[in-house]
Amino acid sequence: MSISSQYDPTSVEDKWYQYWLDHNYFHATPQTGKEAYTIVIPPPNVTGVLHMGHMLNNTIQDVLIRKARMEGKEACWIPGTDHASIATEAKVVRMLREQGIKKSDLSREEFMKHAWEWKEKYGGIILEQLKKLGASCDWERTGFTMDQEYHDAVIRVFVDLYNKGYIYRGLRMINWDCEALTTISNEEVIYKEDGEKSILYSVKYQIKDSDEFVTIATQRPETIMGDTGIAVNPKDERFRHLIGKKALVPFINREIPIIGDDYVELDFGTGCLKVTPAHDPNDYEIGQRHNLEVIDTINLDGTLNEKCEIDKYVGQDRFKVRKMIIGDLKAANILVGEEEFVTKIGRSERTNSVVEPKLSLQWFIKMKDISRKAHKAVMDDEIQLYPSKFKNTYNHWMENVRDWCISRQLWWGQRIPAYYYGEGEDDFVVAETIAEAVELAKEKSGNSALQESDLRQDPDVLDTWASSNIWPIETFGGFSDASFDKKKGKIDKKKNPELDFFYPTETLVTAPEILFFWVARMIIAGYEYLDEKPFKNVYLTGIVRDKQRRKMSKSLGNSPDPLVLIKQYGADGVRTGMLFSSPAGNDLLFDEKLCEQGRNFSNKIWNAFRLVKGLEISEENQPNINKQAIEWFKARFNKTLTEIEDHFAKFRMSDALMSVYKLVWNDFCSWYLEWIKPEYGQPIDRQTYDNTLVIFEQVLKLLHPFMPFISEELWHQIKERSESEALIISSWPEAEQWDENLLKQVDFLFEVTAGIRNIRNSKGISPKENLELVTSSKDVERVSASLEKLGNVSVVNSDDKPANSFSFVIGADEYHIPASENVDVEAERKKMEEELNYTKGFMQSVSKKLANERFVSGAPEQVVANERKKLADAEAKIKTIEESLANL
RNA sequence: GGAGUGUUAGCUCAGUUGGUUUAGAGCACUGCCUUGACAGGGCAGGGGUCGUUGGUUCGAAUCCAAUACACUCCACCA
């Protein structure tokens, strides 16, 4: 037989993935009598391409889902993509710009056509890439957050929440991009790390009916005409007397109140703050507290409007006006200071223009009441977060939860179903369809002549998270007419067999960054519509970083291409590489060496198989030592499996993998196979051979969730299998009782073996040279046959101590290997003295403990007995070593 | 500014309610091995006063306090 000595994943992986697909193993359906195990994928952006974060995240999900499938559960992993309104729209706009098309030249419909074309062309690439990783998703259920049904569900939820009184319209300070003429989210505002240099100007405002002045500090003098107040800290002795008086805005002489507010810092600037509610978020809040007027002096394109009351500024850009007004202030002799300072200026990620804070009417969800159950569910461990430290973060967020602004000034997304019939602030209705809207509008306005053409739909779309929050529900059609009760605003699970079977889902695997954006909001939706959690566990992965702890990013170019890695190391290698070093919640310091380690592991398994498959079989009886080896490995296997289950129960994926890794590499390859391996050229007895194949199969099962491809390949190489016998749908082993004494016995066997090998190593004796091992140990008798094989020795049980020999001590027994040449007595003596010293030191610390009366009386009996045993063992050992020393 | 987490071997991390030899693993490192499944390998080995200082206890990596350092999240100075 000629099998390559190196495992080649390339052909194997595509073959088995196709095989799994062909046999529909990934597809799940509701089944009576079967337990469901559902995972919904965190839907990646349609425009996305696979990066290392996805690799980690989806590997974990696949491990969980494959294990569940093998455990006989109806395992359902729902894949899909998110329309990601901001990110996608930005990409489409950029693409159009490259073609010379401006978004502003397009109608909404035309733009959407381009966007859909883009989505059809590039959307979902990432899902294809996931297949290379081995992801066993139920592809028939692939979803998209802008599918027609999904869209309808999102709108339905909006209307429902509006009718329940959770949604309202309100003023809010938003980030405005004056070049792109759009709102941008906080995430799209970037601040230079070290801030930017700016100048803080001090300007004198006259106090009304007085010669006194108050000096304020500002870095935006062009907003002076929008001032509607001046604030000082009420604790500030310097200015307290001014509170309640009025000041005059330079040039335009508007009277504005001087107010006291804690927000003002005593030691920054001049201690006096001009308040411009229309152009600064903090000023807006101060304005709210003190009922200040809001005067918006800046147009959408960043020029000043007529409200600034100074003709020459009107129509000029805000930065030009800044220069102009500085000159004018100087000329008027009221600019009294210019000080350079470093501040953080927000710039638009896309246009790099300075973000203009702007007040506008937006849609909000009231969060306090609606999130109460979701808060409690996590605090009561109804939903478990892994690692649990995120419970704190979650609690903190929930306790201070703020209303959620859900409108976005974009086109790509679910358009807000609000329809305006008049100019008044309250002249609108909210409805699922325009037909319903007309009816509602007639009612509300009292104008029965209203028609569809009289209504204008709100131009904004919903925040992406306001649609992905129903992902675990709507992927099963929860909001369809069949199961959603509009009057109650609740879903009746019993009327939806899919939802009834698969919901709540089992585990959500996602990144901590979106704990609030997404996870919390899914929990809220789950309780609002089903009075039930959407998932039982939330596994929060870390961030994938490079070796220097830097985040992986395109601009740094430090992120490897996952598909290249898969090509180099195999999907199994990359999967295990990612998992080797990723405890939940900890950042993963990615190093290609980890993938190399994963690939080496594949190779190790491959070669273990080559050895077994290459054996000749004889019909001779099974030797006892093989029987012992098999019994030992079974015990070892069961113990390890118990550990693995424990790790899985605690979501310690790395540890679970490491247990499998050590079981395969150390226990199976290094010990078991060496133990049963016949001498060169000799055959193996059939019974041992068959047993070994069974063991190999069990091991492959444990490997499968982590390394699906190589395990499936070898599974079929062991013997021909029918399609109902594929490894992916085989049964996960159940841990059985094991004999702990047997394990101890064999540990002892290994220890003696290591002792022998150590002597070979240090004395330069070849492993091939058969040696004599003389000992008086009684323990060795039961394992002597195995010891002779593993250590390549002949055991002589005798109380005699051969004169010219190397020796080592285990427990209280001494082992001698007679030497063919003269032994260096001094070296032996030195070695023994070192061991003697160590043991004596150890004994001392134990006897010190035992000499302490409060320990003996205070500590539990078990602990004291244990210490006594340690002391006795150490004493025996010391005696043995001392005797040997005397003999030398 | 508010909240939280961490600090154990060169690196990444375990160490479960204080007691199982004088603290473990993987990788890295050192020595030897052209061993017959695998050099992408084998065997053996070295390496840590558990950030620092106090305290509680018969007993502390583990509990408490202070301190230093690192990181994360939230809110952010006109």
Side-chain angles (χ1 to χ4, degrees), chain A residues 3 5-7 198 200-201 216-220 223 231 263-265 267-270 272-276 280-283 341 343-344 387 389-390 392-393 395-397 400 402 512-513 515-516 543 547 549 569 573 580-583 585-589 591 593-594 596-597 599-615 646 650 652 654-655 658-659 661-662 669-670 673-674 677 679-681 753-754 757-762 764 766-768 838-839 841-846 849 852-860 862-864 866-867 869-871 873-874:
Chain A
I3 315 176
S5 73
Q6 287 191 3
Y7 169 60
S198 180
L200 193 59
Y201 301 95
I216 59 89
T218 181
Q219 57 167 326
R220 299 200 60 193
T223 63
Y263 172 79
V264 184
E265 306 261 336
D267 51 3
F268 189 88
T270 60
C272 297
L273 170 70
K274 75 185 198 64
V275 186
T276 323
D280 183 279
N282 295 306
D283 289 15
F341 82 121
T343 185
K344 281 181 186 167
K389 65 177 176 187
F390 286 108
N392 278 327
T393 323
N395 184 39
H396 187 252
W397 187 77
N400 302 290
R402 298 163 62 177
E513 296 107 278
L515 183 59
F516 310 124
I543 297 166
K547 272 186 283 185
R549 280 198 183 274
Y569 301 104
F580 269 133
S581 165
S582 57
N586 271 27
D587 288 355
L588 171 96
L589 271 59
D591 185 340
K593 279 206 165 140
L594 291 168
E596 201 179 312
Q597 195 186 344
R599 179 202 59 186
N600 293 354
F601 187 37
S602 304
N603 205 44
K604 185 74 184 175
I605 300 163
W606 180 255
N607 278 291
F609 177 75
R610 278 180 70 214
L611 168 67
V612 175
K613 260 307 192 196
L615 292 171
D646 186 50
K650 293 171 181 154
R652 304 171 122 175
S654 286
D655 293 335
M658 191 47 74
S659 292
Y661 181 81
K662 285 195 275 191
C669 295
S670 296
L673 289 178
E674 291 302 322
K677 189 159 103 182
E679 276 184 48
Y680 182 54
T753 307
R757 287 172 179 169
N758 190 357
I759 288 197
R760 283 186 195 278
N761 250 318
S762 55
S766 160
K768 283 186 251 184
Y838 176 89
T839 317
F842 170 66
M843 190 185 79
Q844 227 167 24
S845 83
V846 178
K849 239 189 234 183
N852 186 333
E853 214 172 291
R854 293 167 78 182
F855 169 70
V856 180
S857 58
Q862 181 83 46
V863 175
V864 178
N866 219 328
E867 292 299 310
K869 185 171 181 305
K870 282 200 259 179
L871 183 65
D873 289 352

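Since we're looking at a predicted model, the values are computed, not measured. A note on names: the letters A, B, ... follow the listed sequences, proteins ahead of strands, and every chain is numbered from 1.
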Which nucleotide in the set [options] lies at the smallest distance from any side-chain heavy atom of [X]?
X	options	result
N603(A)	C76(B), G19(B), G40(B)	G40(B)
H396(A)	G2(B), C38(B), A44(B)	G2(B)
R652(A)	G41(B), G36(B), A14(B)	A14(B)
F855(A)	A75(B), G19(B), U35(B)	G19(B)
K768(A)	C77(B), U35(B), U12(B)	U35(B)
K604(A)	G41(B), G26(B), A78(B)	G41(B)
K870(A)	U20(B), C77(B), A78(B)	U20(B)

Once you round it to whole Å, what is the distance between P of C71(B) and CZ of R549(A)?
9 Å
Between atom CG in N607(A) and atom C1' in G36(B), what is the gap in whole Å?
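Rounding to the nearest Å, CG of N607(A) and C1' of G36(B) are 13 Å apart.
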Between the base of C43(B) and the side chain of N761(A), is there any donor-acceptor pair under 3.5 Å?
yes
Can you find an N or O donor on one side and an acceptor on the other, under 3.5 Å apart, linking the side chain of E674(A) with the base of A37(B)?
yes
Taking the nucleotide of RNA chain B with the nearest heavy atom to each, does S670(A) or S5(A) sit closer to the 5' end?
S5(A)
Atom CD of Q844(A): over 12 foreign heavy atoms under 6.0 Å:
no
Qualifying residues under side chain to side chain contact (heavy atoms under 4.5 Å, CB included), relative to S5(A), sequence neighbours excluded:
N607(A), R610(A)
Give one of base, sugar-phosphate or nothing for N758(A), where a contact means two heavy atoms less than 4.0 Å apart.
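Sugar-phosphate contact only - N758(A) comes under 4.0 Å of backbone atoms but never of a base.
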Parallel, tilted or perpendicular: ring planes of W606(A) versus Y7(A), cut at 30 and 60 degrees:
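Ring orientation of W606(A) relative to Y7(A): tilted.
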Can you tell me if the side-chain N/O atoms of R599(A) get under 4.0 Å from OP1 or OP2 in G40(B)?
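Answer is no, no contact under 4.0 Å.
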For F855(A) and V863(A), run side-chain contact (heavy atoms from CB on, under 4.5 Å): C-alpha distance rounded to whole Å, both residues' side-chain angles, the deciding distance at 0.1 Å, then the answer.
CA-CA 10 Å; F855(A) 169 70; V863(A) 175; 4.0 Å; yes
Could you go over nucleotides 4-9 of chain B and give all protein N or O partners under 3.5 Å, atom names and distances?
unit_1 : atom_1 : unit_2  : atom_2 : d
G4(B)  : O3'    : N392(A) : ND2    : 3.3

Distance-only donor-acceptor check, side chains K274(A) and T276(A), under 3.5 Å
yes
Can you give the dot-bracket line for RNA chain B, where a pair is Watson-Crick or G-U wobble with both atom distances under 3.5 Å, crossing pairs use [ ], and | marks a partner on another strand?
(((((((..((((.....[....)))).(((((.......))))).....(((((..]....))))))))))))....
